[in-house]
Structure formats: structure tokens, C-alpha cells
Asks: 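Okay, here's the structure, questions in a sec.
All values derive from a computational prediction rather than experimental measurement.
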Amino acid sequence: GNSVTQMEGPVTLSEEAFLTINCTYTATGYPSLFWYVQYPGEGLQLLLKATKADDKGSNKGFEATYRKETTSFHLEKGSVQVSDSAVYFCALSDRSGGSYIPTFGRGTSLIVHP
Amino acid sequence: DTGVSQDPRHKITKRGQNVTFRCDPISEHNRLYWYRQTLGQGPEFLTYFQNEAQLEKSRLLSDRFSAERPKGSFSTLEIQRTEQGDSAMYLCASSPQRLAGGPDTQYFGPGTRLTVL
């Protein structure tokens with residue numbers, strides 16, 4: 001079956017530090033990969049996505065590259081802000097069968113201090 | 001606001017009672033998903049609709065759970081004879097068929113937090 005493994009949190013950083021949140025996956029097909037972000041008290045929202053190998057998704061200074069050879073989709077940001085404090089979920093969506101039902105990781109909490 | 005909405009946002013009930021949650025997806029999104037999320041976990045898939053047809057159900061969806069999407073618009077999730085283990089956040093998401101983002105991009109509502117005493 002499909003699964004997503006994320007590094008455990010919380011990740012605590014000072015403002016302007018470099019961020020990496022690791023994500024690896026297993027999938028029976030050829031999935032699309034996603035990062036979703038959940039700010040306190042809000043629903044999940046799509047941060048970025050990549051649909052094929054070597055694609056790079058980017059948004060709001062965050063980036064992640066679809067690495068098929070290492071089955072990874074690590075999230076990076078060069079300089080984090082306090083407003084980036086949230087829970088980040090890595091997910092995959094298997095396109096086989098047309099249902100696109102995603103599998104989510106457990107989430108990684110990011111805390112950024114001023 | 002044209003996002004996904006859920007009602008109620010919070011529900012406290014006693015064990016054994018029935019509860020019903022509502023989800024209004026983004027208009028023209030033909031796919032609608034229900035998830036359950038517990039503390040420290042990612043969303044777990046419960047069920048999925050394409051228009052009014054319920055196409056897939058997770059093993060997590062016991063026979064106490066039922067979901068409907070009449071007319072392919074809003075959806076309801078009912079839990080009968082609630083148990084303390086049902087306490088969780090219930091999330092709804094919708095996705096488009098062909099519009100920007102494609103069918104695999106999910107748009108989530110804020111969730112309904114259920115507490116079973």
C-alpha cells in the first residue's frame with residue numbers, strides 16, 4: 001500500500017534560519033506529491049505540489065523536488081519567518097483508478113521564534 | 001467566501017447519541033472527501049463522492065457511520081451511537097474535475113471538532 005513518512009517534530013528555529021522537513025514515501029503507482037500547511041485554528045491548505053519526477057514545486061519561498069530515485073519530497077525554505085509557524089503535512093495522491101485519494105503523513109510542527 | 005464550509009465547528013455529545021455534520025464544497029467541485037484527524041496524526045480518509053455517487057469507503061468507516069451527498073452538492077456525515085473513540089476532527093475537502101489544480105488537489109474546510117463524553 002501507499003505510505004508517507006515525515007520527520008518528527010516539533011522543529012524549532014529562529015527567524016531567518018534555513019528549514020528542511022524530510023518526507024519519504026512508498027507507492028504502488030506513480031503518485032503526485034504534495035505539501036499541505038495547517039495554521040492554528042484553520043483547515044489544511046495546499047502549499048505546493050509536484051506531479052512527476054524531478055519537478056520542483058514552489059510557493060511562498062518554500063520548495064520541494066520530486067525525487068523518484070530516493071522516493072523523497074523534502075520541504076525547504078531559505079529563511080523562515082514567525083508567520084511560518086504551523087503544521088506541515090506531506091501527502092501523495094495515487095492516480096491509479098481515478099480516485100486520487102491522498103495518503104497523508106503525520107505532520108511536522110514548525111515553531112519559529114523571533 | 002467561496003471556500004469549503006463545515007457546520008458545526010464544534011460538537012459535544014454524550015456517548016450513544018447520534019450526530020450529523022454538514023459540508024458545503026466549493027461550487028462546481030464534483031469530488032467531495034471526508035477525513036478524520038486525531039491529535040498528532042494526519043487526516044485519514046473515510047469516504048469519497050463523485051457528484052452524488054459514493055465511490056469509495058475506508059475500512060475506518062464502520063456501519064455506525066453514513067454519508068450522503070444528495071444532488072451532488074452539500075454532504076452530510078452521520079455517526080450513530082457515538083463512542084468516545086469517535087472524538088476527533090472531521091474534515092471535508094473538495095476537488096475539481098478539470099479546473100485549475102486538477103482532480104488531485106484538495107481544498108479543505110476548517111473541520112468539525114467532535115467530543116464524545
Asks: Does a side-chain heavy-atom distance below 4.5 Å link B:Phe45 with A:Phe104?
Replies: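 With C-beta onward as the side chain, the pair stays apart.
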Asks: Indicate yes or no for a side-chain donor-acceptor contact from B:Tyr107 to the backbone of A:Leu46 under 3.5 Å, with no hydrogens or angles considered.
Replies: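 Absent.
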Asks: Give the cluster check for A:Leu44 versus B:Tyr48: same hydrophobic cluster or not, with ILVMFWY residues linked at side-chain heavy-atom distances below 4.5 Å.
Replies: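 Linked, A:Leu44 and B:Tyr48 end up in one cluster.
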Asks: Relative to chain A, which segment of B:Gln37 carries a heavy atom at a distance below 4.5 Å: side chain, backbone, both, or neither?
Replies: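 Side chain only.
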Asks: Report, in residue-number order, which members of residues 17-26 of chain A are under 4.5 Å from chain B by heavy-atom distance.
Replies: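 At a heavy-atom separation under 4.5 Å, chain B is reached by no residue of residues 17-26 of chain A.
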Asks: Should A:Phe62 and A:Tyr39 be regarded as members of a common hydrophobic cluster, given that ILVMFWY residues are connected when their side-chain heavy atoms come within less than 4.5 Å of each other, either directly or indirectly?
Replies: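 In one cluster: yes.
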Asks: Looking at side-chain heavy atoms only, is the closest gap between B:Thr105 and A:Phe34 below 4.5 Å?
Replies: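 Side chain of B:Thr105 against side chain of A:Phe34, heavy atoms only: contact under 4.5 Å found.
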Asks: In terms of heavy-atom contacts, does CD of B:Glu68 have more than 12 from other residues, nucleotides or ligands at under 6.0 Å?
Replies: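 Open.
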Asks: Below 4.5 Å, heavy atoms only, C-beta onward: do A:Phe89 and B:Pro43 meet side chain to side chain?
Replies: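 Yes, close enough: below the 4.5 Å cut-off.
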Asks: Is A:Gln38 close to chain B through its backbone or its side chain, or both, or neither, when contacts mean heavy atoms under 4.5 Å?
Replies: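 Only the side chain of A:Gln38 comes within 4.5 Å of chain B.
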Asks: Return the option, out of A:Pro102, A:Gly107, A:Cys90, with the maximum number of heavy-atom pairs under 4.5 Å with chain B.
Replies: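 Top option by heavy-atom pairs under 4.5 Å: A:Pro102.
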Asks: Please classify the contact between B:Arg113 and chain A as side chain, backbone, both or neither, with a heavy-atom cut-off of under 4.5 Å.
Replies: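 Neither; nothing under 4.5 Å.
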Asks: Of all residues at least two apart in sequence or in a different chain, which pass the side chain to side chain donor-acceptor pair (under 3.5 Å) check with B:Lys11?
Replies: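 In terms of side chain to side chain donor-acceptor pair (under 3.5 Å), with neighbours along the sequence ignored, B:Lys11 is linked to no residue.
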Asks: With only heavy atoms counted, which part of B:Leu55 is less than 4.5 Å from chain A, the side chain, the backbone, both or neither?
Replies: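 Nothing of B:Leu55, per the 4.5 Å heavy-atom cut-off to chain A.
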